[in-house]
Every structure is written in structure tokens, then in C-alpha cells.
Amino acid sequence: MGSNERGSLLSGLTDPLSQTNKNNAPKGRRIRRCRSAPVSDYVALETGLPSGPQTDQSFFGNIHPSFRIVAAFLTVYLGLGTVCFYLVRNQLKGEKTNGVLDAVYFCIVTMTTVGYGDLVPNSVLSKLVACAFVFSGMALVVMILGKAADYLVEKQELLLVKALHTSKKVGHIEILKDIETNSPRYKCIVVFILLLLLIIGGTIFLATVEKLSLVDSFYCVCCTITTLGYGDKSFSSQAGRAFAVFWILTGTICLAQFFLYVAELNAQSRQRALVKLVLTRRVTNVDLEAADLDDDGVVGAAEFVIYKLKEMGKISQEDVRLVMEEFEDLDVDRSGTLSTSDIMLAQQPQIEK
């Protein structure tokens, strides 16, 4: 790549001559040729290999760091919750099965805010403990478990895209581009399929184990995953509560992620519509005046790109100001361009410290 092609995007803002001197500039648009971020993370995601050097070959060394954090927090939360609710089990009223299982079940129902009402605190101490665990449980679901679920969906998203392109001879780069472009749509599909399986599985389980009718089973499933929790239908048997410990947590998080991806897909659609409007509308003299950042009467490629990105809502004037401040700090010789010597001189005081 030539030196002109490696020029800074913003160099034209401070060096008008680089925009007006077109005899020395290449015919092609320099602004179209830029280096993108490396795709090593995506390659590692597809192959299942870590992007960095792997030093631990054990099973736990291959687990993603996000899941280690999730497992640690969830273990601590469920461990403390089980112990606390087991100690106050006699202060809980309602349908009971096994002491430890009921404690775990009540902890999950509290954390997900389902609140059937089949087990409720019946003393001052048990009520205070429930209040503490409901707030900490909601924070755990929103801050920790949601991120883990998003990572799992991204893994399944890659498998879905590869399955959709099995009949076509599409390379790895094309698949990555497709994921980057239509990621919210693929995430919605993946989560919808998983949510449908959870609804069907929960309905069948309630009908066979809890002996509810199909309508009541489906009704209980909907009340549970939406955290509505009327409480007239719930898991009352020992086997049902053992199943509910895993199913309730998975179902409620899955539904929350589905609505999150739907909102993301809607935002992406609106953003694309705005981009299309900005790129198709006619450019006027008013636009040229607004795009002329250095007031030299000429709009260069960099100025035009920045103006269009601002119209699309990709960047703001504050973003441009902050970037220009960094550029001016790095441009030690005030030449309007950045070179290796500029970077070395700009970082020299920090190195000396």
C-alpha cells in the first residue's frame, strides 16, 4: 500500500493542499481503502480454539472466561440462598417436598422474580432474607447471566449461518460478513427456536409429571417464563421442582434475550433506513457549507465522509472534536500529517517518566 493510501483520514482537515492538489493524487478514492480489525477472534469462535496462546490443556482451561465468572457468581448465590432458605425452611409456608430441594427451588423462583406463591416467607427473618436475595438475584440475572446467554447465542448464530450456506460455496470471510450485517436477525432466530423448544418441553413435562391438562400446562409455562407467576399452577412435586430449578432460569433468561434482540433488530432496521435516506437524498450547497470543516471553500473526501457519518448518526460533533484534539497532540511538528517521528516525540515524555 502506498504512502498516499496510508495517509490519515483527518489529515485533509488541517492540510487543504492535500485536497486541492489532485494531479499527484491517485484516481481511485483513497478513502475506500482502509485496514479493518483482525478477524482472529471470529476464526477462534468458529474453530473453537482460543485466539491467544493456549497454555492450559485441561477441561477448565478451555472454558470461556465469561462462563467461569458466571459459574462462580451463580454457585455463590445459589449456595448462600440454599443455606439461608434451608435454615428458615420452617418459616416458609406452602407446599413442601424436600428441604434442600425446596430451598434451591425457592431461591430460583425468587431470583427470576417468578414468585408463584406456593412457598412464601412467613416470618420477619425469612421476609428480610427474601428481600435481600431478590435484589441480588435480579442484578445477577441482568449483569452476569445475560452476558453468558449472549455469548452462547453468538456461538449458535455461527452454526446457523453455516447451516444456511451449506448448499452454497461460500468462504469463511463471506460468512463473517453475513454475520456482521445480519447479526440481530440471526440472534432472533436462534433464541426463538430455543424458546420454542423450552415452551414445548415445559408444557409436555407439566402435562406428564404434574398431571396438568395441556391448556393448564401451557398456561403455567407462559406465566413462568414471563415471570407473571399467578401461582394457581406451579411445580408441586419433587421431580417437578428439580426440573424447574433448571427450566425456570433458562426460560426466563431466554425470553428476556429474545425481546432484547428484537429491540436490537428494530434499531438496526431504523438505522439502515436512515443511512439509505442520507445516501440517496440530493446534496445541496447548504450541505457543502456544513461539510467544509476548515472553511477553505473546498470539501475533501475526509470532510465529506465525516459529514455523512454525522448525518447517519454514526458520530457526533463531540466525537470529531475529541479525535481532532488527539490528532493535534500527536502532530508534534504541526505539519498536518502524522509520521513515525511524531508518534515517538509525542510519547517521549511518557517514556521518560
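- The number of heavy-atom neighbours closer than 6.0 Å to CG of Leu196, taken from other residues, nucleotides and ligands shown, is above 12.
- Counting only heavy atoms from C-beta outward, the side chains of Phe235 and Trp247 approach each other to under 4.5 Å.
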For this session: Step by step, work out the side chain to side chain contact (heavy atoms under 4.5 Å, CB included) result for Val323 and Ile315.
Result: CA-CA 11 Å; Val323 173; Ile315 60 175; over 6 Å; no

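- The closest side-chain heavy-atom distance from Leu92 to Ser126 is below 4.5 Å.
- Using cut-offs of 30° and 60° on the angle between ring planes, the pair Tyr116 and Tyr105 is parallel.
- Val124 places a side-chain heavy atom less than 4.5 Å from the side chain of Leu128.
- Checked against Asp102 for a side-chain hydrogen bond (donor to acceptor under 3.5 Å, both in side chains), the options Arg89, Gln238, Lys96, Arg241 give a single hit: Arg241.
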For this session: Please assess Ile108 against Val114 for the test side chain to side chain contact (heavy atoms under 4.5 Å, CB included), listing each intermediate value before the final yes or no.
Result: CA-CA 8 Å; Ile108 292 291; Val114 172; over 6 Å; no

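- At a threshold of 4.5 Å between non-hydrogen side-chain atoms, the residues Tyr219 and Asp232 count as touching.
- For the pair Ser335 and Asp331, the minimum side-chain heavy-atom distance is below 4.5 Å.
- The shortest distance between side-chain heavy atoms of Val262 and Cys188 falls below 4.5 Å.
- Ring geometry for Phe106 versus Phe85: interplanar angle over 60°, hence perpendicular rather than tilted (30 to 60°).
- With 3.5 Å as the limit, one finds a donor-acceptor pair spanning the side chains of Gln257 and Tyr261.
- By the side-chain contact (heavy atoms from CB on, under 4.5 Å) test, Ser136 is found to be paired with Tyr77, Phe133, residues two or more places apart in sequence or in another chain being considered.
- Within a 6.0 Å radius of CZ in Phe218, other residues, nucleotides and ligands contribute 12 heavy atoms or fewer.
- Side-chain contact of Thr284 with Asp287: a donor-acceptor pair under 3.5 Å is present, judged by distance alone.
- Nearest heavy atoms, Glu95 versus Ser236: OE1-CB, 3.0 Å.
- Hydrophobic clustering keeps Leu265 apart from Val275 (ILVMFWY residues linked when any side-chain heavy atoms are closer than 4.5 Å, directly or through intermediates).
- Counting heavy atoms of neighbouring residues, nucleotides and ligands inside a 6.0 Å radius, atom CD of Gln271 exceeds 12 of them.
- Looking only at side-chain heavy atoms (C-beta outward), Ile248 and Met111 stay at 4.5 Å or farther from each other.
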For this session: Quick one: do Leu279 and Met312 satisfy side chain to side chain contact (heavy atoms under 4.5 Å, CB included)? Show the steps, please.
Result: CA-CA 9 Å; Leu279 294 178; Met312 296 174 187; 3.3 Å; yes

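- Contact annotation: the side chain of Leu198 never approaches that of Ile225 to less than 4.5 Å [non-hydrogen atoms, C-beta and beyond].
- Grouping Ile, Leu, Val, Met, Phe, Trp and Tyr by side-chain contacts under 4.5 Å, direct or through others, puts Leu87 with Val83.
- By the side-chain contact (heavy atoms from CB on, under 4.5 Å) test, Ser213 is found to be paired with Val215, Asp216, residues two or more places apart in sequence or in another chain being considered.
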